[in-house]
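Below is one structure, written out as structure tokens; comments come after it.
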Amino acid sequence: MTLTQAEKAAVVTIWAKVATQADAIGAESLERLFMSYPPTKTYFPHFDLSQGSAQLRGHGSKVMNAIGEAVKHIDDIRGALAKLSELHAYILRVDPVNFKLLSHCILCSVAARYPSDFTPEVHAAWDKFLSSVSSVLTEKYR
Amino acid sequence: MVHWSAEEKQLIASVWAKVSVEECGAEALARLLIVYPWTQRFFDNFGNLSSPTAIIGNPKVRAHGKKVLTSFGEAIKNLDNIKGTYSKLSELHCEKLHVDPENFRLLGDILVIVLASHFGREFTPACQFAWQKLVGVVAHALAHKYH
């Protein structure tokens, strides 16, 4: 699945806005994930998952920073996320099904904050982009 | 039978009261066809689906989106018997329409995103949870009579 030039442009344009609230969006996305899909909490037994917790905010930032890297290197997501890909494959081993769930929650957070920017075309481009990121993060699993 | 807490019922009802079934239904179906183009396979007779603009403006897409979301309204009116409510529709989707139930899950998630974009901050994580539960139950009910 490769992104067209138009799709890449759509991702980059929206990212410029999302980046200004990256930390908050990251935390909100995780909050949505843990609330709508409780089994995802099994990966964070060591976390305080209450709303507004420092760990939630910290981890949300981490996730959004990585997405930002992927956006910056949108022509070579695999290269940009190589280390993260290994981390997920050998250390974290988050079941692949969960990437779809988090991607969905990120889309919900972005849609809620930027409704007029989140057109169907932008929605499609972001869904595809996050799907690419997820593929890269799971491609070394086996 | 699915158990709904008072809070879940309230979160669903308060959102639903402000939903324009025609607008949200049309938008949800259009986004499904745009974001997951392979879903167009079920709509060969809908005419022009060649671009996002064509899909959004397509009157058959709008009409069908409204039909689908109107049916959701029936589920919301009958939260305690969604399986029964969708029994005939489930048979129809299996025997006549031949729709893979995975598509119900895709449309459900798209609807949640449409609601997030319409309601913004009001569509809190708790609200999303109630609606994810609802779309999941609807998808399950629609798949229930498959054989």
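A, B, ... follow the sequence lines: proteins, then strands. Residue 1 opens every chain. These numbers were taken from a predicted model, which means no experiment stands behind them.
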Margin query: Could you measure the distance from the NE2 atom of A:His104 to the CD atom of B:Gln132? Nearest 0.5 Å is fine.
Written below: 3.5 Å
Item checked: Heavy atoms from other residues, nucleotides or ligands near NZ of A:Lys62 exceed 12 (cutoff 6.0 Å) -> no
Margin query: How about NZ on B:Lys66, more than 12 heavy atoms from neighbouring residues, nucleotides or ligands closer than 6.0 Å, or not?
Written below: no
Checklist line | Max heavy-atom pair count under 4.5 Å with chain A, selected residue of B:Ile110, B:Val112, B:Ile113, B:Ile55 | finding: B:Ile113
Check: Within a reach of under 6.0 Å around NZ of A:Lys140, are more than 12 heavy atoms found that belong to other residues, nucleotides or ligands?
Finding: yes
Check: Is B:Val19 reachable from B:Val137 through a run of I, L, V, M, F, W or Y residues, each pair having side-chain heavy atoms under 4.5 Å apart?
Finding: yes
Next item on the list: Determine, using the 4.5 Å side-chain heavy-atom cutoff (strictly less than), whether A:Met35 and A:Leu56 are members of one ILVMFWY cluster.
Entry: no
Notebook entry, point to check: What's the shortest heavy-atom distance between A:Cys108 and B:Ala116, and which atoms?
Noted result: O-CB, 3.7 Å
Next item on the list: Side chain from CB out, backbone as N, CA, C, O: work out which of these in B:Ala126 comes under 4.5 Å of a heavy atom of chain A, or both, or neither.
Entry: both
Next item on the list: Output the distance between atom CZ (B:Arg31) and atom OG1 (A:Thr119), rounded to the nearest 0.5 Å.
Entry: 6.5 Å
Note to self: For A:Glu139, I'd like to know if atom CD has over 12 heavy atoms of other residues, nucleotides or ligands within 6.0 Å.
What the structure shows: yes
Checklist line | Engaged part of A:Ser109 at the chain B interface, taking heavy atoms whose separation is under 4.5 Å | finding: neither
Check: Mind checking whether A:Leu107 and B:Leu32 sit in one hydrophobic cluster, side chains of I, L, V, M, F, W, Y counted as touching below 4.5 Å?
Finding: no
Check: Where do A:Pro115 and B:Ser117 come nearest, in terms of heavy atoms and distance?
Finding: CB-O, 3.1 Å
Margin query: How long is the straight-line distance from OG of A:Ser36 back to CG of B:Asp109, given to the nearest 0.5 Å?
Written below: 9.5 Å
Notebook entry, point to check: For A:Tyr37, is it the side chain, the backbone, both or neither that has a heavy atom under 4.5 Å from a heavy atom of chain B?
Noted result: side chain
Check: Out of curiosity, B:Phe123 CZ to A:Arg32 CZ, how far, rounded to the nearest 0.5 Å?
Finding: 6.5 Å
Next item on the list: Evaluate the side-chain contact (heavy atoms from CB on, under 4.5 Å) criterion for residues B:Gln128 and A:Cys105: first the C-alpha distance (whole Å), next the side-chain angles of each, then the deciding distance (0.1 Å), finally the verdict.
Entry: CA-CA 9 Å; B:Gln128 181 180 348; A:Cys105 290; 3.9 Å; yes
Next item on the list: For atom CD of A:Gln51, decide whether the heavy atoms of other residues, nucleotides or ligands shown that lie under 6.0 angstrom number more than 12.
Entry: no
Checklist line | Distance, nearest 0.5 Å, that separates CD of A:Glu121 from CD1 of B:Ile56 | finding: 5.5 Å
